[in-house]
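Notes to accompany the following structure.
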Amino acid sequence: IYTCVFPNRIVSGTVKDCKTNLPIPGAEIIINKSQSNQKPKLTNFDGHFKLYIPDDTKEIFIRYPKYKEIKITISDSKNLGEIILFKRGCKNR
C-alpha cells in the first residue's frame, strides 16, 4: 500500500483588472516564496488558474507587472473566485 507523503488540494480562481474587470492572462501565482528557484504558475488566456498545492500551504501570492502583488490566504475553500489586482489609479473597494 502506498501512501501519499504530500497530499495535495486544488485551488482555482480568476485574476481580473481593477478598472476594466477584464481577465489578466499571464499573471504569476507563487505558492512558496521561500523557494527562490520555483517557477511560478501562470493564469491562462481567460485569467483563470487551477493548481495543486500541498495541504499545509496557507497562502499564495499573485503578481503581474505594474500591479500590486497580493497575498491570498487559503482556507478550506477550493475556488477562490475572482481576484482583483490593483494598480495606480484604482481604488480599493
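Heavy-atom basis, side chains included; hydrogens, waters and symmetry copies ignored.
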Pairing residues for Glu69 by the side-chain hydrogen bond (donor to acceptor under 3.5 Å, both in side chains) criterion, not counting sequence neighbours
Lys33
Check for a donor-acceptor pair, side chain of Thr43 on one end and backbone N or O of Gly26 on the other, with a separation under 3.5 Å.
yes
Could you list the residues that satisfy side chain to side chain contact (heavy atoms under 4.5 Å, CB included) with Lys87, not counting sequence neighbours?
Asp17, Cys18, Tyr67, Cys90
Report the C-alpha separation of Phe49 and Val15 in whole Å, then their side-chain angles, then the decisive distance to 0.1 Å, and conclude whether the side-chain contact (heavy atoms from CB on, under 4.5 Å) test is met.
CA-CA 8 Å; Phe49 67 91; Val15 179; 4.1 Å; yes
What distance separates Glu28 CD from Lys39 NZ, expressed to the nearest 0.5 Å?
10.5 Å
With Lys41, which residues qualify under side chain to side chain contact (heavy atoms under 4.5 Å, CB included), at least two apart?
Ile29, Leu51
Would the distance check show the side chain of Thr20 and the main-chain N or O of Leu22 forming a donor-acceptor pair, the cut-off being under 3.5 Å?
yes
Heavy atoms, side chains only, cut-off 4.5 Å: are Lys50 and Ile10 in contact?
yes
Does the side chain of Asp55 come within less than 4.5 Å of Arg9's, by heavy atoms?
yes
Please examine the side chains of Ile83 and Ile70, heavy atoms only from C-beta on, and report whether any two atoms are closer than 4.5 Å.
yes
Any chance you could pull the hydrophobic cluster mates of Leu42, using side-chain heavy atoms under 4.5 angstrom and chaining through other members?
none
Nearest 0.5 Å, what's the NZ-CD1 distance between Lys58 and Ile74?
10.5 Å
Residues at least two apart in sequence or cross-chain that pass side chain to side chain contact (heavy atoms under 4.5 Å, CB included) with Asn44, listed by chain then number, are Asp46, His48
So do the side chains of Leu80 and Ile60 get within less than 4.5 Å of each other, counting heavy atoms only?
yes
Supply the members, apart from Ile30, of the Ile/Leu/Val/Met/Phe/Trp/Tyr cluster built from side-chain contacts under 4.5 Å; use none for a lone residue.
Phe61
For the atom pair CD1 (Ile62) and NZ (Lys71), what is the distance rounded to the nearest 0.5 Å?
13.0 Å
